[in-house]
Amino acid sequence: MARAPSSILIFLRQNPRARQNPNTQIRYHTTETKECDFTEVAQHICKIIRTKPRWEQTLPSEYPSFNFSDPQFFTELLKLQKNVLLSLRFFFWLSSHNGLSPDPISCKALFSALVEAKACNAAKSFLEHTSFSPEPASLESYIQCLCEGGCIQDAIDVFYRLKEAGVCPAIMTWNAALSGCLKVGRTDFVWKLYQEMIECGVVADVDVETVGYLIQAFCADNRVSEGYELLRQVLVNGLVPENAVFNKLISGFCKEKQYTRVSELLHTMIAKNRAPDNYTYQEVINWLCKKGKGLEGLRVFNDLKDRGYAPDIAMYTTMIHGLCTMGWLGEARKLWFEMIEKGYHPNEYTYNTMIHGFCKIGNFEKAKILYKEMCNKGHKETTVSYNAMMTGLCLHERTDEAYGLFQEMHQKGIVRDLITYNTVIQGFCKEGKIVESMNLFRELLAQGLQPSTYSYTPLIQKLCQVGAVQEAKGLWNDMKNLGLEPIVGTHDYIIIGLCDQGDAAEGMEWFIEMLNSKLKPKQETLGRLVECLTQRDRLDDSLLVLEFMFRTGYALEKGICHSLVNKLCWEDNHFVETCLGEILEGK
DNA sequence: CTAGGGTTAG
């Protein structure tokens, strides 16, 4: 079989015994002497791997016998080749085609380059495919790289690797890791790492950045007061965290409606030269609106403008959203135009917010006009934009239309997420179309989506209402098994469903269960339960429930009261007296 | 040089 000379040489390199042939040996030596100018060759290789997508096939013929295995060569290539992923590909090619085991110098250079380029997945796969073991300093940079790329679990593994080697990373590395944990919402890892910091003694080096992350972790865990306490301590020591830290505390306290603390923090910021920024105020406005103080939010917004702050597009969107949530579409629309006048063009967020606002009040004509405008401006239709329209339709008993959009999404290849499914499931349930709802629910599961409490809630509610309590209880168990916590109201529906079936005993069990979980059933639920218990002559239980009702300040409907008193009269007059006395007291 | 932050179910 005829072979091109170059392939023969490659063949020879991979089969050392063939080199014994004197003819080929001469050639081998001549080419080897030519190889000294690494830079020149590296430059050429660089160009080839950058410009030729299929260089793996052509490279052997271009450099039939170059000694690529020299670490000097690869280091040179790395310097020249800015795209580190291309170098990585070349590296793997070298080791698989030249049959060489990677040398530590090249490995180290390549690994550092990958880490520096923040190519954390590439760095990970590099370590997996070679037996290379980086030095501690290299691993520290690797940790930072992993954290920035969101691979927290991998980063923590490297921490333990260093710990086993008896190395305690520098504070910078810990900070990077803490920051990474916060970004992916893993406060559990923050506290775990902090524990490690204490153990290895690095805690003495803790700086204002570390403290900032700990405060933010407290806030994320809804332990805002503890975060605030920590802030006060560091302020005493003259350390002032970044705005982001103050902002997290402020939104935390806004969430808890602790406006005194919010105001304290704003004053501290000004006193410590950390002037509250757009973002600070945006959070304040956002939470005021969410907590039903939209008017206050609007006042803050207007004050800011009066004082010369220039709200940016995100701030406008927040305010418009707040106004839409309260149903103040007129005010929202006014801000919309004001924003445009100031030169901010509505973006995807602004459009979706406004569209949702119109949908919510049932003004689908306006919503559709905006929707078209949004598309004409080059914004793509998204899961969010579809969800907004569908939410509005379902809210106004137009679930069939919403379902039309649901199918349209599929045709257009727009991803349907959990919110999409939950919205339509709820819509169908509200209209009593339980079969359609269940089908959608099954489809949700089949799509591999993780259902939420609110996927189950409307289904359980409706099933109870149509008398299918057994099926409802089945779903309840599925939900619990997934670790999802039902909302309070769901208990109520099951109790009422059980009572409707005349199953007073189990209704009573669910009531006790609620008490044990410190949950408060609704007045209507308990009235229904008393009625059912009375009908079944479970008068002791009736009185037990009644007692709870009175303690809670609930009243019992007249009719139910009558039948209970009637039953009691048959049994024991003394009870009736006490009962009546208490009822009168209760009212 | 300027990120972060803002939109959809309940």
Side-chain angles (χ1 to χ4, degrees), chain A residues 148 179 182-183 212 216 241-248 250-251 254 274 276-290 297 301 311-325 332 335-336 339 344 346-360 367 370-371 374 379-396 399 402 405-406 409 414-430 437 440-441 444 449-461 479 484-490 493:
Chain A
E148 278 170 40
S179 159
L182 281 176
K183 266 193 207 121
Q216 292 185 66
E242 284 191 15
N243 264 20
V245 177
F246 284 95
N247 292 345
K248 285 276 156 53
I250 287 175
S251 29
C254 279
R274 290 280 190 275
D277 51 22
N278 259 347
Y279 176 45
T280 317
Y281 289 116
Q282 186 196 311
E283 280 293 89
V284 173
I285 292 169
N286 203 357
W287 281 106
L288 282 173
C289 292
K290 280 196 176 128
F301 184 77
D312 62 6
I313 191 151
M315 189 105 142
Y316 268 105
T317 309
T318 305
M319 196 65 245
I320 289 172
H321 176 232
L323 294 167
C324 285
T325 311
L335 279 189
W336 171 278
M339 189 184 83
Y344 293 118
N347 61 20
E348 198 186 317
Y349 289 104
T350 333
Y351 270 113
N352 283 328
T353 303
M354 201 71 230
I355 288 168
H356 182 236
F358 279 124
C359 285
K360 238 161 115 171
L370 271 183
Y371 200 100
M374 176 180 81
H379 299 293
K380 272 184 285 179
E381 296 186 283
T382 58
T383 307
V384 175
S385 71
Y386 263 95
N387 285 351
M389 291 293 281
M390 289 158 76
T391 309
L393 289 167
C394 288
L395 207 62
H396 291 89
T399 308
L405 293 181
F406 180 85
M409 285 177 88
I414 295 169
V415 176
R416 297 182 289 202
D417 66 2
L418 181 64
I419 297 176
T420 319
Y421 278 96
N422 284 0
T423 305
V424 189
I425 288 174
Q426 189 190 210
F428 274 139
C429 281
K430 226 168 64 181
S437 285
L440 274 178
F441 178 72
L444 178 160
L449 286 168
Q450 190 65 240
S452 67
T453 300
Y454 288 97
S455 316
Y456 288 97
T457 304
L459 286 168
I460 295 177
Q461 174 185 353
M479 175 166 65
L484 297 170
E485 219 25 70
I487 57 165
V488 198
T490 312
Y493 288 119

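The shortest distance between side-chain heavy atoms of A/L440 and A/F406 falls below 4.5 Å.
The aromatic ring centres of A/Y344 and A/W336 sit 6.0 Å or more apart.
In summary, the side chains of A/S385 and A/Y371 do present a donor paired with an acceptor at a separation below 3.5 Å, with no hydrogens or angles considered. No hydrogens or angles considered: a donor-acceptor pair under 3.5 Å links the side chains of A/N387 and A/D417.
Take A/E242 and apply the salt bridge (charged side-chain N to carboxylate O under 4.0 Å, His left out) test, not counting sequence neighbours, and it matches no residue.
Within a 6.0 Å sphere centred on CZ of A/F428, heavy atoms belonging to other residues, nucleotides or ligands number more than 12.
Nearest heavy atom pair, residue A/P346 against residue A/I313, reads CA-CD1, 4.3 Å.
For A/S437 (side chain) and A/C429 (main-chain N/O), a donor-acceptor pair under 3.5 Å exists by modelled atom type.
Using a 4.0 Å heavy-atom criterion, one finds that A/T353 contacts the sugar-phosphate atoms exclusively. Counting non-hydrogen atoms under 4.0 angstrom, A/Q282 reaches a base of the nucleic acid.
Listed in residue order, the members of residues 313-320 of chain A having a heavy atom less than 4.0 Å from DNA chain B are A/I313, A/A314, A/T317, A/T318.
Nucleotides of DNA chain B with any atom under 4.0 Å from a heavy atom of chain A span, from 5' to 3', B/dG4 to B/dG10.
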